[in-house]
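Count residues from 1 along the sequence. Indexing begins at 1, ligand by ligand and atom by atom, following the structure's order.
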Amino acid sequence: NTDMGEFFNATVDLIDHNITEGRGQKTAVIDKSGSHSYQALSDNINRFANALKEVGVQQEQRIILCLNDTIDFPVCFLGAIKAGIIPVPVNTRFTETDYAFILKDSRAVALIVSDDLLAPFESHLESYPALKSIIVSGSNTGEHKSLSDLVKAQSPEFSAVQTTRDDMCFWLYTSGTTGMPKGTVHLHGNLSATAELYAKETTGIREDDIMFSAAKLFFAYGLGNGLTFPFSVGATAILLEGPPTPETVCDILHEQAPTIFYGVPTLFAMLLASGLLPKNGEHNLRFCVSAGEALPADLLTRWQKQMGIDILDGIGSTEMLHIFLSNRPGDVRPGSTGKPVTGYKIRLQGDDGLPVPRGEMGALEISGPSSAVMYWNQRDKSLETFQGPWTRAGDKYYQDEEGYYIYCGRTDDMLKVGGIYVSPFEVEAALIEHEAVLEAAVVGKEDSDQLVKPKAIIVAKQADIDHEILAEELKQFVKERLAAFKYPRWIEFVDELPKTSTGKIQRFKLRDSV
Ligand code: 3SK
């Protein structure tokens, strides 16, 4: 059988209908530089695809995108996909070590990077023979090629290469408890599956929506919210280049009048505390969406009261690409993650590997059409996570008597802080580097909004050291070494850490004590 499967290209699927259905002049993206129409977006996607060919990138080769949220992100991401080239968007806050690993692991042949994000790559550029082109977005390109010059010089015509739904399309790197990030391999059909089943069917997005995601496009959550979903219905995406703070987010809510806002619980809590939110009746929001960490019931009710609209809490994963379990408009149960998104199956597994009875806690597994196929170069980790049609999430849930799913924590030691994974081992390793620290353990502790943040338990080398001064010093010490959100918000000093007879820290005892 030589049947390769029907032609399907994710870029063609997301973009072309907007032109054929007469939305060429409609605004697709609003970013710091202004409004960009669907026609301009489509033309620049084609120009970028041509540019990649010109610099010698071949179909199925990988290119790294380390880009801020501006129009350049969708142009590069979708341009590469149209040419059958594999874009690998990476977290703009990864460390130099992470980038060095990703360049090596992916054998990327090109790096497309925002000018202000180039520095951590500079020392590695010579070390990777596979890396042939560095293309810089922004005006400070230095000795490198300028993205805008390269794109401008190309034709706006480009025919998509022959791909199918099952062709490799893009990768997203995700962090684990130990080791380096894992390249999660997604297929061409996966983006449209999340748009159809979650965004359209579950939440009811529309062509007249203006969508604003605080989560950046390099996260699976942000990629759906700010790119796949708006383009799938011909809506408008607002992109925020800098960090989402109460000030920057509220400016957008006041001035650009989005109809859907996608956030994470930590940000919703900060927005409520800021006093900057528009009043009920003074905003254009139809609803909000929350993911990344469980949304506490109290936070949801305070938001409903102040804003007069719902937050649809859901859970997704990089491996499943977007949300597979969610509350729905008109069916929101505070304190729960809702019910399975149509087209996805959920099961909860007990320690014996069998499904748990209703009401009992089990490890969450998902089966659905947007699942990644593997982690690149990581056979053992792939086998653990991708079990035939089922994908393991690493979360524990139970299902109540009415079928709603209630979050109970992680199956591993990972913490989700502001929607982003934090490995306690990484924070411990940073703490241990301080000359006054003998041993360190990091666990999750709930703050006053019931949102988990890291707490460190420290054994100091000197018993008589001033704990207050050392605690402040250690917080600063971690902030200087890791992404700032990973620093321990609380530090407790103890004489010794609870350990097993083999010397392993008994984290559950520390968790109980916090
Ligand atoms: O963290 C989540 O819940 C999430 C949601 C959508 C896509 C990706 C992720 C990790």
For Phe229 and Tyr198, take the angle between the two ring planes, folded into 0 to 90°, and tell me which bin it lands in: parallel under 30, tilted 30 to 60, perpendicular over 60.
tilted
Evaluate the side-chain proximity of Lys455 to Pro488: yes if any heavy-atom separation is below 4.5 Å, no if none is.
no
Inter- and intrachain pairs under side-chain hydrogen bond (donor to acceptor under 3.5 Å, both in side chains), touching residues 309-319, at least two apart:
Gln304-Asp310, Glu319-Tyr375
Pairs under 3.5 angstrom, nitrogen or oxygen on both sides, ligand 1 versus protein: list them out, please.
unit_1   : atom_1 : unit_2 : atom_2 : d
ligand 1 : 1 (O)  : Gly292 : N      : 3.4
ligand 1 : 1 (O)  : Lys416 : NZ     : 2.7
ligand 1 : 3 (O)  : Gly292 : N      : 3.1
ligand 1 : 3 (O)  : Gly316 : N      : 2.9
ligand 1 : 3 (O)  : Gly316 : O      : 3.4

Is there a side-chain contact between Gln349 and Arg392, using heavy atoms and a 4.5 Å cut-off?
yes
Could you tell me whether Arg302 and Asp449 make a salt bridge, using a distance below 4.0 angstrom between a side-chain N and a carboxylate O?
yes
Among Leu239, Leu41, Ile30, Asn44, which residue satisfies the side chain to side chain contact (heavy atoms under 4.5 Å, CB included) criterion with Ile71?
Leu41
